[in-house]
Chemist: 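To start, I am sharing the structure in question, which I have written as structure tokens.
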There are 2 protein chains.
Amino acid sequence: MTLSEEDYIKAIYHLSKGKTAAVSTNAIAAQMDTKPSSVTDMIKKLSEKNLVFYKKYKGVSLTESGSSSALAIIRKHRLWEVFLVEKLDFAWDEVHSIAEQLEHIKSEKLIDKLDVYLGSPKVDPHGDPIPSKDGKFKKSIKKLVSELPIGAAGICVGVNDSSAAFLKFLDKNKIALGDTLQILDKEEFDGSVQLKTSHATIRISSQIASNLFLEVSENQ
Amino acid sequence: MTLSEEDYIKAIYHLSKGKTAAVSTNAIAAQMDTKPSSVTDMIKKLSEKNLVFYKKYKGVSLTESGSSSALAIIRKHRLWEVFLVEKLDFAWDEVHSIAEQLEHIKSEKLIDKLDVYLGSPKVDPHGDPIPSKDGKFKKSIKKLVSELPIGAAGICVGVNDSSAAFLKFLDKNKIALGDTLQILDKEEFDGSVQLKTSHATIRISSQIASNLFLEVSENQ
DNA sequence: ATAATTATTTAGACAAAGCTAAAAATATGT
DNA sequence: ACATATTTTTAGCTTTGTCTAAATAATTAT
Ligand SMILES: [Mn+2]
Ligand SMILES: [Mn+2]
Ligand SMILES: [Mn+2]
Ligand SMILES: [Mn+2]
């Protein structure tokens, strides 16, 4: 598989995650920041290699083989992210683009040894689960503050929008990665949320609430 | 610079190291395991980008810019090799092909942090020097046993030929990476060498002697 | 000084991955 | 149901990096 094929397979995986329907050409083009015509070309190639099911005009979905390839790439991506943050001291919002490159390094032994070296982590620095070597992982336990019910608590593991303005807001309110946060109240009218942080109780707007991810315990 | 351009620049660097003459098209083709016509094509592109001096039929040599690019890639290659051996516990003869991929990852910050994490090593696992960020390094102090005079001693840092047969020979004679070896005598007739190892005094053939690298102190 | 050999370059082709513009299929609104 | 809009595909072109075969330059041998 070429680097580009790997990125397409990964994009298709992420787009079909959750949903059951086939993924559309335009959706892939948007995700990959490329043109629909290029996507059609690539889809044909992936179909030829039995990585996707493809019916003209009917969208695309991963085969068994495509799905396990996607999981292998995601495993590499997230293990490298852990390495960058834990060992090289990168900030969690700097590692994605580097891991986007490292995920394509070809050596099974390298990933096995990296996994051992990192202590076989189960989640990456953004709270996303790391698939095991055979492609299994706990279903995502990462939720937006806006999706959680009153009373729910969790560990802050990431943001949707990592703009400077938003990160500044978190800083000002002393919210950091790893902090435990609890939802005290939700205002139905405007979607604002009353949040208990490690330092204070604050009220955040619905925009903020739908940008902040918490890792919550399994049964939420 | 593309991955392929980087590999060509590195090959030209290695081929012109030591020698003053320009590097020939055929030499590059042999080193890169490709065809001379492909080399000519690539050389034109590199020349266009001012990475090499090129005169038709007269060979090629690196410009200042080409040379510093080569050193940056070599720095990355060797730092990753140190990482693989020191941190991931790879054997020194397994790391080259993986580093051949890792050397192309683009992120200055990544290499700076990797360097710090490894304690700014000065040599790679094969005894080759690691250029500093600004492209400086001690000239190679790695010599073949066959090139050294009687009396010289050094640390075993590598082999030319890593065939199973040769590695088996080293194993049988209890010669390992990091061992100190000393040349006790050289036979002019057949080039064989009497060698003091950590465990015994042995006689090695000229083939062996020209396959075994020692790191010797600067003034040898 | 020629002739033969070797090295290098050119010409033309191909596969991968992308693009634009146009055509065809599907979906939507009235 | 039909016209309009949207989505998807096709056709044709570009760039990068490779190849083979042929042409040309440089070197070596007689
Ligand atoms: Mn990628
Ligand atoms: Mn991640
Ligand atoms: Mn390389
Ligand atoms: Mn090395």
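Chain letters run A, B, ... following the sequence lines, proteins first and then strands; every chain starts at 1. Computed from a predicted structure; not experimentally measured.
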Chemist: What is the distance, to the nearest angstrom, from the CG atom on Asp33(B) to the C1' atom on dT18(D)?
Modeler: 13 Å

Chemist: Report yes or no: is the cationic atom of Lys113(A) (NZ for Lys, CZ for Arg) under 6.0 Å from the centre of the six-membered ring of Phe90(B), at an angle within 45° of the ring normal?
Modeler: yes

Chemist: Please tell me if Lys45(A) has a side-chain N or O lying less than 4.0 Å from either OP1 or OP2 of dA16(C).
Modeler: no

Chemist: Could you verify whether a donor N or O on one side chain and an acceptor N or O on the other, from His104(B) and Asp7(B), lie under 3.5 Å apart?
Modeler: yes

Chemist: Report the distance from atom CD1 of Ile28(A) to atom C1' of dT7(D), rounded to the nearest whole Å.
Modeler: 13 Å

Chemist: Between Lys76(B) and Ile105(B), is there a donor-acceptor pair closer than 3.5 Å when you use the side chain of the first and the backbone of the second?
Modeler: yes

Chemist: Using whole Å, report how far NZ of Lys35(A) lies from C1' of dT14(D).
Modeler: 16 Å

Chemist: Using a cut-off of less than 4.0 Å, is there contact between a side-chain N or O of Ser38(A) and OP1 or OP2 of dA17(C)?
Modeler: no

Chemist: Just how far, in rounded Å, is P of dG17(D) from CD of Glu6(B)?
Modeler: 11 Å

Chemist: Figure out the CE/P separation between Met42(B) and dT16(D), and round it to whole Å.
Modeler: 10 Å

Chemist: Would you verify whether the NZ or CZ of Lys87(A) falls within 45 degrees of the ring axis of Tyr117(A) while also being under 6.0 Å from that six-membered ring's centre?
Modeler: yes

Chemist: Are the side chains of Ile204(A) and Ser192(A) in touch, meaning some heavy atoms are under 4.5 Å apart?
Modeler: no

Chemist: Considering only heavy atoms from C-beta outward, does the side chain of Ile43(A) approach that of Tyr8(A) to under 4.5 Å?
Modeler: no

Chemist: Could you state the OH-C1' distance from Tyr8(A) to dA16(C), rounded to the nearest angstrom?
Modeler: 11 Å

Chemist: Reading nucleotides 5-11 of chain C 5' to 3', which nucleotides get B (base under 4.0 Å from a protein heavy atom), which S (sugar-phosphate only), which -?
Modeler: --SBBB-

Chemist: Could you tell me whether the phosphate oxygens of dT16(D), OP1 or OP2, come under 4.0 Å of any side-chain nitrogen or oxygen in Ser4(B)?
Modeler: no

